[in-house]
Amino acid sequence: MKEFVRERVKAVLRELYGEAVNQSVERASFEKPKRKEFGDLATNVAFLLARDLRKSPKQIAEELANKLRSFKEFEKVEVAGGGFINFTFSQELYSQLLREVVETDFFISNIGKGERVLLEYVSANPTGPLHVGHGRGAVVGDVLYRIMKLTGYKPEREFYINDAGRQIKLLGLSIFLKAVEASGGNPKETLKELISSGVIGSDAVDEKEECRDCYKGEYIKELAVKLLSKRRDILSVPPKNAIEICAEFGKEELLKEIESDLKELRVEFDNWFSEKSLYESGKVEKVLEILKGKGFLYEKEGALWLKTTLFGDDKDRVVRRSNGEYTYFASDIAYHYDKIERGYDRGIDIWGADHHGYIQRVKAAIQALGKDPDWLEVVLIQMVKLFKEGKEVKMSKRAGNFVTLRWLMEEVGVDAVRFFFLLKRHDTPLDFDLDLAISTKSENPVYYVQYAHARLCSILDKAEERGFKPSKENLNLLSSEEERELILRSYMLRYELQEAALKREPHRLTYYLIELASALHRFYNKHRVVNEENKELTESRLFLIEGIRRVIEIGLGILNVNAPRRM
RNA sequence: GGGCCCGUAGCUCAGCUGGAUAGAGCAACGGACUUCUAAUCCGUAGGUCGGAGGUUCGAAUCCUCCCGGGCCCGCCA
C-alpha cells in the first residue's frame with residue numbers, strides 16, 4: 001500500500017519534473033499521520049524536493065496533489081502543514097486492502113533481498129543454569145529471526161557453546177570439591193593437596209582457603225551427588241583425571257538442561273557451534289597464523305598480543321596467556337572468522353550489555369583479518385530485574401546469586417515471559433513485574449491481546465451458529481471510522497515487520513499488537529457485528545473480523561505466544 | 001581517568017536515519033453490562049521531552065557542553 005502510493009507519486013513527479021528527482025522519493029517518508037484529520041497516509045516528499053526545485057514545499061505539494069487527485073484510489077489528496085501531502089483512500093481501496101489481509105500473504109516482503117544473516121544468541125556458558133537475562137536475549141533473537149525471515153532475509157540461528165577453557169576447568173573443580181564434601185571429606189584440605197601436587201595453580205585459593213572462582217549454588221552440589229551415584233570411584237581416580245571427568249559430566253548435564261530450558265521457552269537453533277571444535281580443528285591456530293603473517297601479533301612478557309589499537313581499540317589484547325592458554329578472545333576471533341568463511345553476508349550477535357566493551361576488540365580483529373568490521377552487528381540486551389509485591393527478587397535457591405529462567409517460566413508461564421521480554425526496547429533495562437504478568441486483568445498486556453483474539457473467535461463462532469459467514473461481496477459497507485481504522489492497521493503489519501527487521505527491534509511487534517487489539521476493542525464496544533436485520537453488513541463485518549483475527553494470530557505466532565480461541 | 005547506554009506524564013515505558021497540536025498502559029477521578037466474552041470501552045486530569053547552547057523552513061529526534069543514573073574498563077568470560 002505504501003509501495004502503491006510511492007509509485008503513484010513517482011509517476012507524477014516524473015511527469016512534472018523529470019527523472020532527476022526520483023531519489024528524493026526514495027528518501028521520502030510515507031507514514032500514517034498521527035492525527036486522523038490528516039488522512040490515511042502522508043508524505044513529506046515536497047519538503048525534500050524544495051531545495052532542488054527551488055520552489056516552496058507548499059507549491060510543490062500543490063502541483064503534485066493536483067495530479068494525484070486524478071487517481072480513483074484516492075478519495076482526497078490534500079496539502080497541509082506547509083507542504084505535507086495527505087492521502088485519504090477510497091472505499092474501494094480499503095476493500096482491496098482488506099481482501100489482501102484475509103486472502104494473501106500481504107505481510108511478507110523482501111527488504112532483506114536474500115541477505116544471509118547469522119544470528120547468534122544466548123550462547124551461555126554450560127557452567128550453570130540459564131538466568132533471566134539469557135531468556136531476554138533468547139526471545140529477542142528468536143523473534144528477530146522470524147521477523148527477518150518474513151521480510152526477505154535468509155537468517156540462521158546459532159548457539160555458541162563455550163565448552164573449552166578456564167571456565168570449564170573451574171566447573172570440574174567446583175563439582176569435584178562438592179563431591180569430596182558430599183563424601184565426608186574436607187574440601188579445603190583437598191584444595192591444598194591439589195596445589196601441592198601441581199594439579200591446580202596456587203592462585204586458585206582465596207584468603208579463606210576456599211576455591212576462589214568456583215561456581216556456587218545448589219546445582220553444583222546436585223551435579224556432584226548425581227555424578228557420585230553414577231561413578232562411586234570418582235574420588236579414587238587420580239585427581240587430575242577426576243576433575244576432567246567432573247568437568248565433562250557437568251558440562252554435558254548443564255548443556256542438556258540449557259537445551260531443555262530453551263525448548264520450554266520455545267526457542268530453537270539451527271546450529272550449536274562448539275568452541276572446543278575450533279581448537280580441535282586447528283582453526284584457532286590457523287587464524288592466529290594469519291594474523292601473525294600480517295604482522296599484527298607480538299609477544300610481550302611471555303604472552304601473545306593482538307594489535308587491536310591499530311583498529312580503534314583502547315589497548316592491545318592478549319590472545320595467548322604466558323601460561324600457554326588461549327584466551328576467550330582468541331577462540332572468538334576464530335569463531336567470527338569461521339562465520340565469515342561460511343559465507344554469511346552479515347553477523348548479528350546478541351549479547352548482554354555488560355559485554356559492550358568487547359565489541360570494539362572483536363570488530364578490530366575482524367578488520368585485522370581484512371574484513372569489513374561492519375560485517376558484525378551487536379545487539380545489546382540490558383539487564384532484567386524481577387519485582388514481586390514491589391520488591392526485587394534477586395536470588396534463586398538453586399543458582400545462588402541469580403534467578404533462573406526456569407523459575408520465571410514456572411512462576412508466570414511462557415506466554416507472559418516471552419511477551420514481557422518484548423515490552424521494552426532491548427537496550428533499556430527491564431523491570432519485570434511478576435504480579436502483573438500473572439494478572440488476568442486488563443492491565444496485563446498479554447491477556448489484553450489474547451483476549452482480543454478469543455473475542456474475535458467467539459464472534460465468528462456465534463455468527464456461524466446463526467447461519468452467517470464472512471463474505472467479501474459488500475466490503476464497501478465497512479465505511480465507519482472504526483472499520484477503516486481496523487483495515488488500515490491490519491495491513492500495517494507488513495510495515496511494522498519491515499521496520500522491526502531493519503532496526504533489529506522486535507519489540508515493535510508487541511506494541512503493534514497492543515494497538516491493534518485496542519482498535520478492535522474500541523470497534524467492538526461501538527458496533528455490533530452480528531445483526532439479524534442486515535445480512536450484508538453482518539457478513540462484511542465478519543470478513544473484517546476474520547482479517548483482524550488472522551493478523552493477531554500471525555503476530556502472536558511470530559512472537560511465539562499462544563492465540564487462544566477461548567479464554 | 002576512558003568507553004557504552006539511558007534521562008519523555010505520579011509510576012513503567014513507546015516515539016529518535018528531523019516533520020504537523022509529543023503518545024500508550026498503570027495509578028487517580030467520572031461514566032457505560034436485557035446485546036456477539038465488562039479479561040472490554042468512553043470521558044476527565046496529568047508534560048519547560050534532564051539543563052544550556054548550536055545546526056534549519058522545522059529538533060524529543062542531529063551536534064557540543066553540563067547535570068543525574070546504570071554498566072564496562074585484568075595475561076576474566
Side-chain angles (χ1 to χ4, degrees), chain A residues 27-29 31 33-35 37-38 42-44 47-48 50-51 56-58 80-84 86 123 125 127 162 165-167 170 213 300-305 313-315 317-329 331-332 352-360 378 380 382-383 387 423-425 427-433 436 439-452 454-463 465-466 468 502-503 505 507-508 510-512 514-515 517-518 520-531 538 541-542 545 566-567:
Chain A
R27 285 193 302 125
S29 68
E31 298 298 326
K34 282 180 213 151
R35 305 171 63 80
E37 309 93 274
F38 296 147
T43 181
N44 65 350
F47 290 99
L48 303 179
R51 182 179 291 176
S56 75
K58 184 134 192 158
F84 287 96
N86 297 332
S123 297
N125 296 342
T127 53
N162 293 121
R166 203 178 92 94
Q167 73 278 7
L170 264 176
D213 294 321
K300 191 178 87 183
E301 295 160 17
L304 192 61
W305 300 68
D313 199 8
D314 302 345
K315 51 185 109 172
R317 306 293 173 174
V318 172
V319 290
R320 193 184 62 216
R321 288 185 273 171
S322 55
N323 66 6
E325 280 179 16
Y326 289 105
T327 59
Y328 182 87
F329 183 42
S331 52
D332 236 8
D354 53 339
H355 287 63
H356 71 80
Y358 205 71
I359 299 173
Q360 192 58 256
V378 179
L380 292 179
Q382 279 288 356
M383 246 181 4
F387 288 85
L423 223 38
K424 313 240 189 286
R425 211 200 309 134
D427 63 350
T428 68
L430 172 65
D431 288 345
F432 196 121
D433 184 339
L436 179 62
S439 154
T440 55
K441 297 216 186 78
S442 59
E443 63 203 31
N444 183 345
V446 193
Y447 277 84
Y448 187 79
V449 175
Q450 289 182 323
Y451 180 65
R455 181 172 251 183
L456 291 161
C457 290
S458 168
I459 296 170
L460 290 165
D461 290 347
K462 278 275 158 43
E465 280 171 28
R466 297 180 198 180
F468 294 106
L502 227 42
K503 296 190 170 173
E505 291 184 346
H507 75 283
R508 285 169 176 276
T510 52
Y511 276 83
Y512 168 76
I514 290 168
E515 280 170 16
S518 173
L520 178 269
H521 290 311
R522 205 176 311 129
F523 164 81
Y524 179 91
N525 274 275
K526 192 159 175 186
H527 302 281
R528 229 191 122 69
V529 176
V530 179
N531 178 353
T538 298
R541 282 186 170 161
L542 287 172
I545 294 297
R566 240 166 265 289
M567 289 174 77

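Order of the sequence lines sets the chain letters (A, B, ...), proteins ahead of strands, with each chain counted from 1.
- Among the heavy atoms of the strands, none lies under 4.0 Å from A/Gln450.
- Closest to the A/Asp427 side chain, of the nucleotides B/G3, B/G15, B/C5, is B/C5.
- With B/A77, B/G19, B/A39 as the choices, the nucleotide that has an atom nearest any side-chain atom of A/Tyr358 turns out to be B/A77.
- A/Ala42 comes within 4.0 angstrom of a base, heavy atoms only.
- Note on A/Thr428: only backbone sugar-phosphate atoms sit closer than 4.0 angstrom, heavy atoms only; bases stay farther off.
- Partner assigned to B/G1 is B/C73, using Watson-Crick or G-U wobble distances below 3.5 angstrom.
- The shortest distance between the side-chain N/O atoms of A/Arg321 and the OP1/OP2 oxygens of B/C76 is below 4.0 Å.
- A/Tyr511 comes within 4.0 angstrom of sugar-phosphate atoms only, judged by non-hydrogen atoms across all strands, and of no base.
- Nucleic acid contact for A/Arg320: none, since no nucleic acid atom lies under 4.0 Å from a heavy atom of the residue.
- B/U35 is unpaired under the Watson-Crick or G-U wobble criterion, no partner having all donor-acceptor distances under 3.5 Å.
- Pairing of B/U44, defined by two Watson-Crick or G-U wobble distances under 3.5 Å, is identified with B/A28.
- For the pair A/Asn531 CG and B/C36 C1', the computed distance is 11 Å after rounding to whole Å.
- Checking B/U17 for Watson-Crick or G-U wobble geometry (two distances, each under 3.5 Å) identifies no partner in any strand.
- Following rounding to the nearest Å, A/Lys424 (NZ) and B/C13 (C1') show an atom-to-atom distance of 5 Å.
- Under the salt bridge (charged side-chain N to carboxylate O under 4.0 Å, His left out) criterion, A/Lys462 pairs with no residue, sequence neighbours left out.
- Counting any heavy atom pair closer than 4.0 Å across all strands shown, A/Arg528 reaches a base atom.
- Using a 4.0 Å heavy-atom cutoff across all strands shown, A/Asn323 reaches no nucleic acid atom at all.
- Residue A/Arg317 has no polar side-chain atom (N or O) positioned under 4.0 Å from OP1 or OP2 of B/G74.
- Taking 4.0 angstrom as the limit, A/Tyr448 places a side-chain polar atom (N or O) nearer than this to OP1 or OP2 of B/C41.
- Residue contacts for A/Asn86: at a heavy-atom cut-off of 4.0 Å it reaches a base atom on one of the strands shown.
- Across all strands, A/Lys315 comes closer than 4.0 Å only to sugar-phosphate atoms, never to a base (heavy-atom distances).
- By the 5.5 angstrom centroid cut-off and the 30-degree plane limit, A/Phe84 is classified as stacked against the base of B/A20.
- Looking at heavy-atom distances under 4.0 Å, A/Asp354 makes contact with sugar-phosphate atoms alone, never a base.
- Residue-level contact check: A/Pro429 touches the backbone only, with heavy atoms under 4.0 Å from sugar-phosphate atoms and none from bases.
- Distance check: A/Arg541 CZ to A/Asn531 CG gives 8.0 Å after rounding to the nearest 0.5 Å.
- For A/Arg455, counting side-chain heavy atoms from C-beta on, the closest listed nucleotide (B/U40, B/C75, B/C42) is B/U40.
- Residue contacts for A/Ala80: at a heavy-atom cut-off of 4.0 Å it reaches a base atom on one of the strands shown.
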For this session: Mind running salt bridge (charged side-chain N to carboxylate O under 4.0 Å, His left out) on A/Asp461 and A/Arg566 for me, showing each step along the way?
Result: CA-CA 11 Å; A/Asp461 290 347; A/Arg566 240 166 265 289; 3.3 Å; yes
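- Close to B/C6, at under 4.0 Å from its OP1 or OP2, lies a side-chain N or O of A/Arg425.
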